[in-house]
Chemist: 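Structure incoming, see below.
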Amino acid sequence: MVKKSQIIFMEGKEKALDALFGDENATFGYLAIGFQDTSGQNGFEDPLAVENNSTPNGFMEIQQESYTRIKLEKVTDGVVRDPDSGKVLRKYQAVLENSNITQSQDINQIAVVDNQNIDAETTIYSATTFQTFNKTNESSITFVIGFRI
């Protein structure tokens, strides 16, 4: 038998992830949707190259009147515990309904953020880009995001 002097239990890791992303009052409980297209490349805008530093974090959020940020929710059966490594993977989802972003809009980035308000006070936990696709009022999209600790 191997003895350890410190240990964080998998159940504790799962609760920590939920407190960050999936609970009602989660620290980072919302998904923001964005789009950036500079010379055909869909990356994050370089904050140092932007006039007036309008995007200090490089994330370019959608600016449509019908757009709102989406609450992250726990995925049913979205927990994978690895007893060999002690790691826990927890999945969360955000559904971008057809009524959210009603005009034709290209999207290619998402960010996990700390609030529902679209303002400069937002703190971004993480963000990623993906292949550009077009969102209309006829399409809904479900994003599934996993975090592992």
Side-chain angles (χ1 to χ4, degrees), residues 8 10-82 84-149:
I8 299 173
M10 287 187 281
E11 292 84 3
K13 291 179 181 182
E14 184 179 342
K15 285 188 177 252
L17 287 168
D18 286 343
L20 281 172
F21 308 111
D23 287 342
E24 183 61 34
N25 295 314
T27 305
F28 294 98
Y30 291 90
L31 189 70
I33 309 297
F35 175 72
Q36 171 59 28
D37 184 24
T38 303
S39 303
Q41 298 180 7
N42 64 344
F44 294 109
E45 187 69 34
D46 179 358
L48 301 176
V50 176
E51 283 185 38
N52 302 323
N53 203 19
S54 62
T55 58
N57 53 37
F59 179 71
M60 303 291 286
E61 191 160 8
I62 299 299
Q63 298 297 312
Q64 245 186 67
E65 188 176 312
S66 65
Y67 164 70
T68 58
R69 290 179 178 171
I70 313 161
K71 182 78 176 136
L72 287 171
E73 300 174 356
K74 300 174 197 177
V75 173
T76 305
D77 299 326
V79 178
V80 178
R81 295 181 179 149
D82 182 356
D84 293 331
S85 69
K87 294 188 184 281
V88 174
L89 170 68
R90 183 73 169 105
K91 295 179 185 176
Y92 303 90
Q93 69 180 15
V95 179
L96 181 61
E97 299 288 351
N98 62 341
S99 59
N100 193 345
I101 305 178
T102 57
Q103 300 165 8
S104 180
Q105 172 71 56
D106 287 340
I107 62 175
N108 60 13
Q109 27 177 275
I110 57 173
V112 176
V113 299
D114 67 339
N115 65 65
Q116 191 172 13
N117 303 323
I118 303 168
D119 58 29
E121 300 301 313
T122 294
T123 301
I124 296 177
Y125 175 81
S126 63
T128 189
T129 63
F130 45 84
Q131 183 175 355
T132 301
F133 63 92
N134 188 262
K135 164 70 175 82
T136 67
N137 65 345
E138 297 175 356
S139 59
S140 295
I141 304 160
T142 300
F143 295 93
V144 177
I145 302 165
F147 295 98
R148 179 187 325 260
I149 57 173

Chemist: Taking only residues two or more places apart in sequence or in another chain, which ones pass side chain to side chain contact (heavy atoms under 4.5 Å, CB included) with Asp106?
Modeler: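 Asp106 satisfies side chain to side chain contact (heavy atoms under 4.5 Å, CB included) with Phe35, Thr132, Asn134 only.
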Chemist: Could I get the full list of side-chain hydrogen bond (donor to acceptor under 3.5 Å, both in side chains) partners for Lys13, not counting sequence neighbours?
Modeler: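 Checked Lys13 against side-chain hydrogen bond (donor to acceptor under 3.5 Å, both in side chains); zero matches.
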Chemist: Sort and list the pairs that fulfil side chain to side chain donor-acceptor pair (under 3.5 Å) and have at least one residue in residues 137-149, not counting sequence neighbours.
Modeler: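 Applying side chain to side chain donor-acceptor pair (under 3.5 Å) to every pair that reaches into residues 137-149, excluding sequence neighbours, yields nothing.
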Chemist: Restricting to pairs with a member in residues 102-122, which pass ring pair (Phe, Tyr, Trp, His ring centres under 6.0 Å), not counting sequence neighbours?
Modeler: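 For residues 102-122, and leaving out neighbouring residues, there are no ring pair (Phe, Tyr, Trp, His ring centres under 6.0 Å) pairs at all.
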Chemist: For Asp77, give me all partners under side-chain hydrogen bond (donor to acceptor under 3.5 Å, both in side chains), at least two apart in sequence or on another chain.
Modeler: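 Residues passing side-chain hydrogen bond (donor to acceptor under 3.5 Å, both in side chains) with Asp77: none at all.
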Chemist: Taking only residues two or more places apart in sequence, or in another chain, which ones meet Thr76 in a side chain to side chain contact (heavy atoms under 4.5 Å, CB included)?
Modeler: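 With neighbours one apart ignored, the set is empty.
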Chemist: Can you name the side-chain hydrogen bond (donor to acceptor under 3.5 Å, both in side chains) partners of Gln93, sequence neighbours left out?
Modeler: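 With neighbours one apart ignored, the set is empty.
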Chemist: Can you list everything that forms a ring pair (Phe, Tyr, Trp, His ring centres under 6.0 Å) with Tyr125? Sequence neighbours excluded, please.
Modeler: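 For Tyr125 the ring pair (Phe, Tyr, Trp, His ring centres under 6.0 Å) partners, ignoring immediate neighbours, are Phe21, Phe28, Phe147.
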Chemist: Test of understanding: with side-chain hydrogen bond (donor to acceptor under 3.5 Å, both in side chains), list the residues that count as partners of Asn117, not counting sequence neighbours.
Modeler: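 Counting only residues at least two positions away or on another chain, Asn117 forms no side-chain hydrogen bond (donor to acceptor under 3.5 Å, both in side chains).
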Chemist: Do any pairs count as a side chain to side chain donor-acceptor pair (under 3.5 Å) and have a residue in residues 18-34, sequence neighbours left out, and if so which ones?
Modeler: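 Output for this query lists Asp18-Arg90, Asp18-Tyr92, Asp23-Lys74.
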Chemist: Taking salt bridge (charged side-chain N to carboxylate O under 4.0 Å, His left out) as the cut-off, I'd like each qualifying pair that reaches into residues 110-130, sequence neighbours left out, listed once.
Modeler: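 Every candidate salt bridge (charged side-chain N to carboxylate O under 4.0 Å, His left out) pair involving residues 110-130 fails, so no pair, neighbours aside, qualifies.
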Chemist: By side chain to side chain contact (heavy atoms under 4.5 Å, CB included), which residues pair with Ile141, not counting sequence neighbours?
Modeler: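 Residues passing side chain to side chain contact (heavy atoms under 4.5 Å, CB included) with Ile141: Leu96, Ile107, Phe133, Lys135, Phe143.
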Chemist: State whether the side chain of Gln103 and the backbone N or O of Gln64 hold a donor-acceptor pair below 3.5 Å, judged by distance alone.
Modeler: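 Checking the backbone N and O of Gln64 against the side chain of Gln103, no donor-acceptor pair under 3.5 Å is found.
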